[in-house]
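The structure appears right after this line, and notes come after that.
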Amino acid sequence: MSDHIRTILIVGGGTAGWMAAAGLAKVLGRDCAIRLVESEEIGTIGVGEATVPHLSLFNRFLEIDEAEFVRQTQGTFKLGIQFNDWGRVGDSYIHGFGTLGHDVGMQPFHQYWLRARQLGLADELGLYSLNTFAAPRGRFMTSASDVPATSPLANIAYAYHFDAGRYARYLRGYAEKRGVRRTEGKIAQTLLRADDGFVEAVVLENGERIEADLFIDCSGFRGLLIEQALHSGYEEWTHWLPCNRALAVACEKVGPPTPYTRCTARASGWQWRIPLQHRTGNGMVYSSDHVSDDEAAAVLLSNLDGRPLGDPRPLRFVTGRRKQAWNRNVVALGLASGFMEPLESTSIFMIQSGVMRLLTLLPRRDCHPVLRERFNAQSAVEAERIRDFLILHYHATQRDEPFWKQCREMSIPTTLEDNIRLFRDTGSFFRDGNEMFGLVSWVQVMIGQGILPERYHALVDQMPEADLRQFMQGVRNVVSSCVDAMPPHEAFIARHCTAEAVAA
Ligand code: FAD
């Protein structure tokens, strides 16, 4: 008898459950019976509306038509994240996706910028990148095919904002069309096999028993299988990422949607703003040790663009990661595998990379331990690198409220400490080839939060000063003329992917 995986049960129908269903159905739909159980009574978390550019790879993998996807999810486009008041109150910078300036030989652009800045030849960093220049000006387009390959317009990096509920529904349609069978019901019990502790079946409240070879736990924070049944353990990172609560509220859309997410630091946390076609998503992420729920709600509600469309919805979380995201025959994805921070919109990316990692390491029914270890080791490295990047935002601040003072003074992981020291001293930065955020991201956030290197790479001095002046001016001119050629974000949406008008 074949020992291939023949049956897969996905537990949970939030973003993670339906992304897993879509990805698995695309590859395994013909070979496997894939089922998904979700409970309408429990519902989904209903947030998670900003993404990173990697999602377009997932869409391409699923062969999803981009315009259709944006239309169906009331989506907008995102060139980066604007961070306001993080380093100091009044500061503002954009972490833009894509490239920064123009690299010369083996040296990245920011090394030249550092020297030019010392010589008084450079403007602020954000003026040298297409994304960071276009975003606050409200310009957006996807890559142009009728420009030279070297033009910044030939390769524009962007992500999406979308309505989380509509995204899950959209993927549900995709997955069901490819054979995924959905069951509405609440799981009451998880049954383990006596000999090896693998999950054998789940039992619904109505008594139905569902068996599978492989279980994907997408049950959200509760980790129904991975934690409640298998006790896989949780590594807490609350000492580094101290926010533990959030309030989410949508408000009426006022004006054209900005092609960026906005994250504004507040006295004891930060506030997000995510523009969609039909409404604007907002939320406050905060530390309950430093501010009460009522105070946080008052700050959130007094800083909305438009009329709130309901009361703020409270959410609680513990930052960290599941010690074993894959345990026995259960693979946890989404919030069941851990949660850090929505600050850099990384959670949906981690679902995507978990789905792809699982497909790459797809086991047979015995779930070979080496495959599990590899999956867990790769997931851990990915999470730790993202964790460090998030901690950087909290730690590199001069703000003086107790919350920020605590973040500035906390001890941080040595990996991050070494990189901050290296960057401050030399302008260089060390990163693993595989980590999610590239050098440009780290550089923009370091400099945006006030870590300005004292030196730059020695090779940069090989460029004569007059050439450096011309080079910097040239890059600025190219960026600004490209942005002039881009349409307003709203006009781009109107031309390509306007969603149906709906009540928000
Ligand atoms: P959920 O949405 O909670 O889904 C869990 C599913 O399991 C539900 O269908 C539920 O019914 C089902 N379930 C649970 N128990 C049972 C049971 N006993 N029987 C049957 N079914 C059950 N991510 C981003 O990438 N970008 C963002 O901007 C972003 N913002 C966020 C803001 C906040 C405040 C928070 C907390 C998270 C944010 N995230 C963001 C993370 C993102 O929301 C999640 O990664 C994503 O929604 C996936 O959630 P999920 O599917 O794992 O869990």
Side-chain angles (χ1 to χ4, degrees), residues 9-21 35-55 58 78 81 159-165 167-169 171-172 182-190 202-206 208 210 216-229 243-249 261-263 269-274 276 281-286 296 300 312-319 322 325 332-355 386 436:
L9 180 70
I10 298 167
V11 173
T15 303
W18 285 113
M19 283 179 80
R35 271 183 87 170
L36 182 147
V37 180
E38 64 176 315
S39 157
E40 274 162 24
E41 183 195 321
I42 294 175
T44 65
I45 193 158
V47 283
E49 308 202 316
T51 64
V52 289
H54 306 65
L55 192 68
F58 193 61
K78 168 175 174 183
I81 305 177
Y160 312 98
H161 302 120
F162 52 60
D163 179 313
Y167 183 53
R169 280 203 291 285
L171 291 181
R172 174 180 162 186
R182 171 185 180 270
T183 301
E184 206 298 303
K186 192 162 159 193
I187 295 169
Q189 208 188 346
T190 306
V202 296
V203 183
L204 306 189
E205 270 185 346
N206 67 6
E208 185 184 358
I210 308 176
I216 315 293
D217 187 348
C218 299
S219 63
F221 286 132
R222 52 177 52 77
L224 199 63
L225 274 53
I226 198 74
E227 195 57 51
Q228 293 185 13
C243 289
N244 58 356
R245 293 202 186 171
L247 292 162
V249 68
T261 310
R262 192 167 72 203
C263 295
W270 61 275
Q271 181 171 345
W272 82 73
R273 173 181 171 280
I274 299 176
L276 304 179
N282 305 276
M284 177 74 92
V285 176
Y286 57 99
L300 173 64
R313 207 157 45 82
L315 299 156
R316 292 180 178 208
F317 55 87
V318 178
T319 52
R322 194 74 57 205
L333 295 173
L335 299 173
S337 68
F339 182 61
M340 287 185 258
E341 266 281 339
L343 190 55
E344 285 279 356
S345 322
T346 42
S347 295
I348 293 172
F349 162 76
M350 291 172 81
I351 300 170
Q352 165 183 348
S353 78
V355 171
I386 291 173
M436 180 202 167

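Counting starts at 1 for both ligands and their atoms, following the listed order. Basis for what follows: all heavy atoms, side chains included, without hydrogens, waters or symmetry-related copies. None of these values were measured; they are calculated from a predicted model.
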How far does CG of Leu224 sit from OG of Ser39, to the nearest 0.5 angstrom? 10.0 Å
For atom 12 (C) of ligand 1, find the nearest protein heavy atom and state the residue, atom name and distance (0.1 Å precision). Gly12 CA, 3.6 Å
Please lay out, stage by stage, how Arg313 and Leu315 fare under the test side chain to side chain contact (heavy atoms under 4.5 Å, CB included). CA-CA 7 Å; Arg313 207 157 45 82; Leu315 299 156; 4.0 Å; yes
What's the shortest heavy-atom distance between Cys263 and Trp270, and which atoms? SG-CZ3, 3.6 Å
Give the residue, atom name and distance (to 0.1 Å) of the protein heavy atom nearest atom 51 (O) of ligand 1. Ala16 N, 3.0 Å
How does Phe349 reach ligand 1, if at all, at less than 4.0 Å between non-hydrogen atoms: by side chain, backbone, both, or neither? neither
I need the nearest protein heavy-atom contact for atom 16 (C) of ligand 1: residue, atom name and distance, please. Ile42 CD1, 3.3 Å
Which of the atoms in ligand 1, numbered in the order shown and given with their element, are less than 4.0 Å from a heavy-atom of Ala246? 34 (C)
Could you check whether any heavy atom of Ala164 sits closer than 4.0 Å to an atom of ligand 1, since that is the contact criterion I want to use? no
Any side-chain heavy-atom pair from Phe317 and Leu335 closer than 4.5 angstrom? no
Name the option, out of Gly220, Ser345, Cys218, Gly17, that contains the heavy atom nearest to atom 6 (C) of ligand 1. Cys218
Kindly confirm or rule out an N or O of Ile187 lying under 3.5 angstrom from an N or O of ligand 1. yes
Under 3.5 Å, side chain of Asn244 to main-chain N/O of Val318, donor-acceptor pair present? no
Measure the distance from atom 25 (O) of ligand 1 to every protein heavy atom, then report the residue, atom name and distance (to 0.1 Å) of the closest one. Ile348 N, 2.8 Å
Name the closest protein heavy atom to atom 26 (N) of ligand 1, giving the residue it belongs to and the distance to 0.1 Å. Ala50 O, 2.7 Å
When only distance counts, is Gly13 in polar contact with ligand 1, meaning an N/O pair under 3.5 Å? yes
Ala248: heavy atom below 4.0 Å from ligand 1, yes or no? no
Heavy-atom distance under 4.5 Å between the side chains of Glu344 and Ile81, does that happen here? yes
Flag side-chain contact, heavy atom, 4.5 Å: Met19 against Ile348: yes
Non-hydrogen atom of Trp18 closer than 4.0 Å to ligand 1: no
Enumerate the atoms of ligand 1 whose separation from the nearest heavy atom of Glu49 is less than 4.0 angstrom. 27 (C), 28 (O)
Flag the pair Glu38 and Arg169 as a salt bridge only when some basic side-chain nitrogen lies within less than 4.0 angstrom of an acidic carboxylate oxygen. no
Does ligand 1 have an atom under 4.0 Å from some heavy atom of Thr51? no
If we number the atoms of ligand 1 from 1 as shown, the ones under 4.0 Å from a heavy atom of Ile45 are 1 (P), 2 (O), 3 (O), 36 (C), 43 (O), 47 (O)
What atoms of ligand 1 come within less than 4.0 Å of a heavy atom belonging to Gly48? 23 (N), 26 (N), 27 (C), 28 (O), 29 (C), 30 (N), 31 (C), 39 (N), 40 (C), 42 (C), 43 (O)
Note: ligand 1 atoms sitting under 4.0 Å from heavy atoms of Pro342 are 29 (C), 30 (N), 31 (C), 32 (C), 33 (C)
Which atoms of ligand 1 have any heavy atom of Ser39 under 4.0 Å away? 11 (O), 20 (C), 21 (N)
Shortest protein contact, atom 45 (O) of ligand 1 (heavy atom only): Ser347 CB, 3.3 Å
Just distances here: any N/O of Leu335 and N/O of ligand 1 closer than 3.5 Å? yes
Where ligand 1 meets Gly334 - atom numbers and elements under 4.0 angstrom, heavy-atom basis: 52 (O)
Do Glu49 and Asp163 have side chains that get closer than 4.5 Å, going by heavy atoms? yes
If we ignore hydrogens and angles and just use 3.5 Å, is the side chain of Lys78 paired with the main-chain N or O of Thr261 as donor and acceptor? no
Does some side-chain heavy atom of Val37 sit less than 4.5 Å from a side-chain heavy atom of Val11? no
Out of Ala20, Gly14, Ala159, who gets a non-hydrogen atom closest to atom 4 (O) of ligand 1? Gly14
Between Leu300 and Pro312, what is the shortest heavy-atom contact and its length? CD2-CB, 4.3 Å
Begin from the C-alpha positions of Phe339 and Ile45 and carry the test side chain to side chain contact (heavy atoms under 4.5 Å, CB included) through to its verdict. CA-CA 13 Å; Phe339 182 61; Ile45 193 158; over 6 Å; no
Tell me the protein heavy atom at minimum distance from atom 43 (O) of ligand 1, and give that distance in Å. Val47 O, 2.9 Å
Just need the protein heavy atom nearest to atom 46 (C) of ligand 1, so name the residue and atom and give the distance. Thr15 CB, 3.8 Å
With the threshold set at under 4.0 angstrom, would you say Gly46 reaches ligand 1 through any of its heavy atoms? no
If I compare all heavy atoms of Ala229 with all of Thr190, which pair ends up nearest, and what's the gap? CB-CG2, 3.8 Å
From Thr346 atom OG1 to Gln352 atom CD, the distance as rounded to the nearest 0.5 Å: 12.0 Å
N/O to N/O below 3.5 Å, does that happen between Gly43 and ligand 1? yes
Heavy atoms, side chains only, cut-off 4.5 Å: are Thr51 and Phe58 in contact? no
Nearest non-hydrogen partners of Gly48 and Phe162, listed with the distance: O-CE1, 3.7 Å
Ligand 1 contacted by Phe339 (non-hydrogen, < 4.0 Å): yes
What are the atoms of ligand 1, with element, lying closer than 4.0 Å to any heavy atom of Gly185? 19 (N), 20 (C)
